[in-house]
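A quick write-up on the structure given underneath.
Within every chain, numbering begins at 1; the chains are lettered A, B, ... in the order of the sequence lines, protein sequences first and strands thereafter.
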Amino acid sequence: MTDKKAPEKEEVVKTNFIHQQIDADLAEGKNGNRVHTRFPPEPNGYLHIGHAKSICLNFGTAEKYNGLYNLRFDDTNPSKEETEYVESIKEDVRWLGFDWGDREFFASDYFDKLYDFAVELIQNGLAYVDDQTPEEISAQRGTPTRPGTESPFRTRSVEENLDLFARMKAGEFQDGEKVLRAKVDMASPNMHMRDPIMYRIMHVHHHRTGDKWCIYPMYDYAHGQSDFWEGITHSICTLEFEVHRPLYDWFVDHLKDAEYRPRQIEFARLNLSYTVMSKRKLLELVKDNHVNGWDDPRMPTISGLRRRGYTPTSIRNFADRIGVTKTNGMIDVGLLEHSVREDLNKSAQRVMGVLNPLKVVITNFPEGEVDMVDAINNHEDESAGTRKVPFTRELYIERDDFMEEPPRKFFRLAPGREVRLRYAYFVTCQEVVKDENGEIVELRCTYDPDSRGGKSPDGRKVKATLHWVSATEAVEAEVRLYDRLFNDMDPQGHKEVDFKEFMNADSLQILPKCYVEPFVKDAKALDHFQFERLGYFNVDKDTTAEKLVFNRTVALRDSWAKANKK
RNA sequence: UGACCCAUGGUGUAAUUGGCAACACGUCUGAUUUUGGUUCAGAAGAGUCCAGGUUCGAGCCCUGGUGGGUCAACCA
């Protein structure tokens with residue numbers, strides 16, 4: 001040993017352009033050196049992996065700078081929003097491992113303040129009531145390349161505007177009859193600045209404010225102000241809001257007297273290959289029964305991934321790895337899968353299970369005897385200990401692990417060949433039993449009693465170790481295998497073709513009769529296992545006292561299958 | 001015939017005030033292995049969209065292109 005100390009392995013803290021901008025803000029002493037972020041979901045659907053990226057970014061950033069983060073529901077459109085969604089969102093964020101403490105807010109908390117501020121803007125000649133129809137307003141808005149024209153109601157007096165707005169609130173008008181608009185600039189090259197609508201009339205019951213209001217603020221009018229009132233310093237959102245930023249700033253500019261101001265920064269939303277990532281499309285899959293609910297294990301929703309067997313750690317590591325930029329890209333699902341394998345490899349209880357059973361009779365093993373052999377629970381974690389697995393005369397092995405005429409590189413069982421049954425014995429295939437159709441129905445093997453534990457008694461080697469299960473002691477289970485929901489890398493990237501055209505008809509495969517070692521008998525929903533040599537599986541919530549149901553989270557890497565494909 | 005944004009190996013991200021392009025996933029070798037997993041060792045793969053300019057020196061700065069994205073809900 002040298003006396004030079006090895007350099008501490010520096011934890012490479014990944015940075016990103018947002019952190020760099022925050023560093024710059026801090027260097028300038030902005031906002032009293034506070035960093036305060038928020039995650040602002042609209043409670044109109046379930047959270048997906050894209051939201052997880054945003055949550056990790058927003059909340060992770062606050063944690064990095066010892067700041068605070070809020071959870072705020074953007075509930076300004078009661079026609080789409082429901083309490084069910086509020087609950088699922090909270091559950092998902094909590095599951096990911098974030099605790100927002102008492103900082104749980106709703107845009108609807110600010111309806112009164114928002115109203116007052118609107119009145120103020122009217123008084124300052126910065127907002128007006130427009131009587132026109134949606135069609136008329138839309139026609140006047142112009143196009144991206146042609147400026148808009150001003151509404152005939154734009155020059156209404158302050159008094160008239162105040163009166164009309166009060167009556168809008170009082171419910172004197174029908175839906176769509178009037179709107180409140182900000183008076184900005186109809187000739188702006190930015191469409192969002194062309195007198196955006198601040199309030200619309202909606203006689204709709206709100207999940208929190210009930211029937212108190214019949215006018216509701218629009219996103220652009222509510223968001224920045226909510227940020228301001230909560231003391232948010234960095235309002236991180238996705239790229240499509242970039243063109244809204246001047247409007248965000250416009251409203252905040254008129255929210256006077258403070259040496260503090262929130263700043264909107266945009267990043268690229270997550271795109272994952274072979275799936276879709278918009279609430280609208282996911283809702284469509286659910287509503288039209290292309291999947292079995294929001295938490296279908298094939299869905300990229302947080303609840304779907306959870307049910308599928310993904311862990312919070314794996315998702316957060318994934319979010320870390322993909323980084324944060326303004327580049328629109330496409331992340332390979334393989335990276336997500338790598339993240340779960342990595343996490344589960346360290347923690348998952350190992351167990352043996354046979355998906356496609358092939359019966360094996362050990363002809364020289366006494367009938368009725370049960371030999372409890374020792375098995376290691378997790379080679380990656382010695383503290384996980386060992387367990388006993390019953391070995392009997394009749395067993396099941398995986399059909400794929402036997403070939404009557406094995407090709408060159410097939411190491412597994414074949415006529416006359418000896419292999420190891422993991423943790424148990426060396427066995428040799430003596431006879432292949434077929435039915436009248438020529439189907440292999442049973443293998444008759446002999447075992448070497450001296451190889452108990454799977455150790456070769458005389459130093460002889462076998463090229464394969466197979467997983468197995470006792471035909472008489474094993475537990476039956478249903479196993480659900482999942483494949484990508486879509487066959488196309490980018491199902492929503494085809495302008496002419498509906499994304500559903502690319503759905504993978506074989507995304508769900510149900511194996512009703514699999515066998516698992518008795519150890520799993522009392523497993524509870526969401527418990528994770530590695531079925532040795534197969535993959536990671538978890539207990540599905542459909543499991544009952546009578547029937548165990550497993551989901552395959554992800555298969556193990558399989559270089560044999562890969563080599564075989566070529 | 002607008003505004004705003006983006007452009008680095010196959011994919012995703014790095015590159016301190018301009019200084020010989022780094023990491024992860026994937027791919028391919030080989031070793032170890034009672035999981036064809038894990039782990040370990042190694043390799044291939046971009047000269048940074050294009051064209052100019054500034055500079056001793058440009059992925060980083062400037063100009064002009066090209067390609068892609070976003071914006072015309074009383075959605076968020």
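Protein atom CG of A/D23 is 11 Å distant from nucleotide atom P of B/U17, rounded to whole Å. One interatomic measurement links the two molecules: CD1 of A/I376 to C1' of B/G37, which rounds to 14 Å at whole-angstrom precision. Atoms CG (A/L421) and P (B/U35) sit 13 Å apart, rounded to a whole Å. Rounded to a whole Å, the CD1 atom of A/I331 is 7 Å from the P atom of B/G12. Between A/F17 atom CZ and B/G12 atom C1' there is a gap of 15 Å when expressed in whole angstrom units. Summarising the geometry, the separation between CD on A/E82 and C1' on B/C75 is reported as 15 Å, rounded to the nearest angstrom. As a whole-Å value, the separation of A/H203 NE2 from B/C74 P is 18 Å.
Contact annotation for A/I197: base contact, defined as any heavy-atom pair under 4.0 Å involving a base atom. Residue contacts shown for A/Y423 include a base, since a base heavy atom lies under 4.0 Å away. Base contact: A/F410 has a heavy atom under 4.0 Å from a base atom. Looking at heavy-atom distances under 4.0 Å, A/V462 makes no contact with the nucleic acid at all. A/K455 comes within 4.0 angstrom of a base, heavy atoms only. Contacts of A/R350 with the nucleic acid, taken as non-hydrogen atoms under 4.0 Å apart, include base atoms. Heavy atoms of A/T133 sit under 4.0 angstrom from at least one base atom. At the heavy-atom level, A/R245 lies nowhere under 4.0 Å from the strands shown. At the heavy-atom level, A/K409 lies under 4.0 Å from base atoms of the strands shown. Contacts of A/R420 with the nucleic acid, taken as non-hydrogen atoms under 4.0 Å apart, include base atoms. Heavy atoms of A/G454 sit under 4.0 angstrom from at least one base atom. Within the 4.0 angstrom heavy-atom criterion, no nucleotide atom of any strand lies near A/Q174.
Taking 3.5 Å as the limit, the base of B/G2 and the side chain of A/R146 contain no donor-acceptor pair of atoms between them.
If you check B/A76, B/A14, B/G12 against the side chain of A/N16, the one that comes closest is B/A14. For A/F411, whose side chain is taken as the heavy atoms from C-beta onward, the closest listed nucleotide among B/C6, B/C74, B/G36 is B/G36. Here the side chain of A/Q530 is nearest to one of B/C74, B/U35, B/A72, namely B/U35.
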Can you pull every protein N or O that's under 3.5 Å from an N or O on nucleotides 68-71 of chain B?
residue: B/G69; atom: O2'; partner: A/N328; partner atom: ND2; Å: 3.1
residue: B/C71; atom: O2'; partner: A/H192; partner atom: NE2; Å: 2.9

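Taking atom C1' on both B/A46 and B/C20, the two are 15 Å apart, rounded to the nearest angstrom. B/U48 sits 13 Å from B/A22 when the C1' atoms are compared, rounded to a whole Å. Using P as the reference atom, B/G18 and B/G57 are 15 Å apart when rounded to the nearest Å. Spacing between B/G64 and B/G19 at atom C1', rounded to whole Å, works out to 27 Å. Rounded to whole Å, the separation between the C1' atoms of B/G68 and B/A21 comes to 24 Å. Of the C1' atoms belonging to B/G36 and B/C49, the separation is 42 Å, rounded to the nearest Å. Rounded to the nearest Å, the gap between the C1' atom of B/C6 and that of B/G12 is 15 Å. Comparing the same atom, C1', in B/U13 and in B/A7 gives a spacing of 14 Å after rounding to whole Å.
By the 6.0 Å and 45° rule, A/K281 stacks over the aromatic ring of A/F499.
Under the 3.5 Å distance criterion, with hydrogens and angles disregarded, a donor-acceptor pair is assigned to the side chains of A/S151 and A/Q132. A side-chain donor from one of A/T143 and A/T145 sits under 3.5 Å from a side-chain acceptor of the other. When only modelled atom types and interatomic distance are considered, A/E135 and A/S138 share no side-chain donor-acceptor pair under 3.5 Å.
Considering only side-chain N and O atoms, A/T76 lies under 4.0 angstrom from the phosphate OP1 or OP2 of B/A76. For A/T143 and B/G2, the shortest distance from a side-chain N or O to OP1 or OP2 is not below 4.0 Å. Using a 4.0 Å cut-off, no side-chain N or O of A/T465 falls inside it from OP1 or OP2 of B/U35.
Comment: A/E81 does not engage A/R208 in a salt bridge, judged by the lack of any side-chain N to carboxylate O separation of less than 4.0 angstrom.
With sequence neighbours left out, the side chain to side chain contact (heavy atoms under 4.5 Å, CB included) criterion links A/T149 to A/Q140. Residues satisfying the salt bridge (charged side-chain N to carboxylate O under 4.0 Å, His left out) test with A/R181, not counting sequence neighbours, are A/D130. With sequence neighbours excluded, the residues satisfying side-chain hydrogen bond (donor to acceptor under 3.5 Å, both in side chains) with A/H244 are A/D220. In terms of the salt bridge (charged side-chain N to carboxylate O under 4.0 Å, His left out) criterion, residue partners of A/R280 (sequence neighbours excluded) are, by chain and number, A/E284. Under the side chain to side chain contact (heavy atoms under 4.5 Å, CB included) criterion, A/A118 pairs with A/F165, A/L180, A/M198, A/Y199, A/Y221, sequence neighbours left out. Checked against side chain to side chain contact (heavy atoms under 4.5 Å, CB included), A/D320 has no partners two or more places apart in sequence or in another chain. Partners of A/R263 according to the salt bridge (charged side-chain N to carboxylate O under 4.0 Å, His left out) rule, which considers only residues two or more places apart in sequence or in another chain, are A/D25.
Checked against a 6.0 Å centroid threshold, the rings of A/Y536 and A/F529 do not count as neighbours. Side-chain rings of A/F537 and A/F531 approach one another, their centers coming within less than 6.0 Å. Two rings, from A/W229 and A/F105, have their centers 6.0 Å or more apart.
No option in A/Q264, A/E266, A/H192 other than A/E266 meets the side-chain hydrogen bond (donor to acceptor under 3.5 Å, both in side chains) test with A/R245.
Secondary-structure stems of RNA chain B, taken as three or more successive Watson-Crick or G-U wobble pairs (i with j, i+1 with j-1) under a 3.5 Å distance threshold, comprise B:2-7 with B:66-71, B:10-13 with B:22-25, B:27-31 with B:39-43, B:49-53 with B:61-65.
Ring orientation note: the planes of A/W213 and A/Y115 are tilted relative to one another, at an angle of 30° to 60°.
Sorted by residue number, the members of residues 217-227 of chain A with any non-hydrogen atom under 4.0 Å from RNA chain B read A/P217, A/M218, A/Y219.
Taking the O4'-C1'-N9-C4 or O4'-C1'-N1-C2 dihedral as appropriate, B/G47 has a value within 90° of 0 and is therefore syn. Glycosidic conformation of B/A73 is syn; the angle stays within 90° of 0.
Sorted by first and then second residue, the pairs that involve residues 185-198 of chain A and meet salt bridge (Lys or Arg N to Asp or Glu O under 4.0 Å), not counting sequence neighbours, are A/R154-A/D195.
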Practice prompt. Any chance you could list the contact pattern along nucleotides 38-48 of chain B? Use B for base contacts, S for sugar-phosphate-only contacts and - for none, protein heavy atoms under 4.0 Å, 5' to 3'.
Written response: S----------
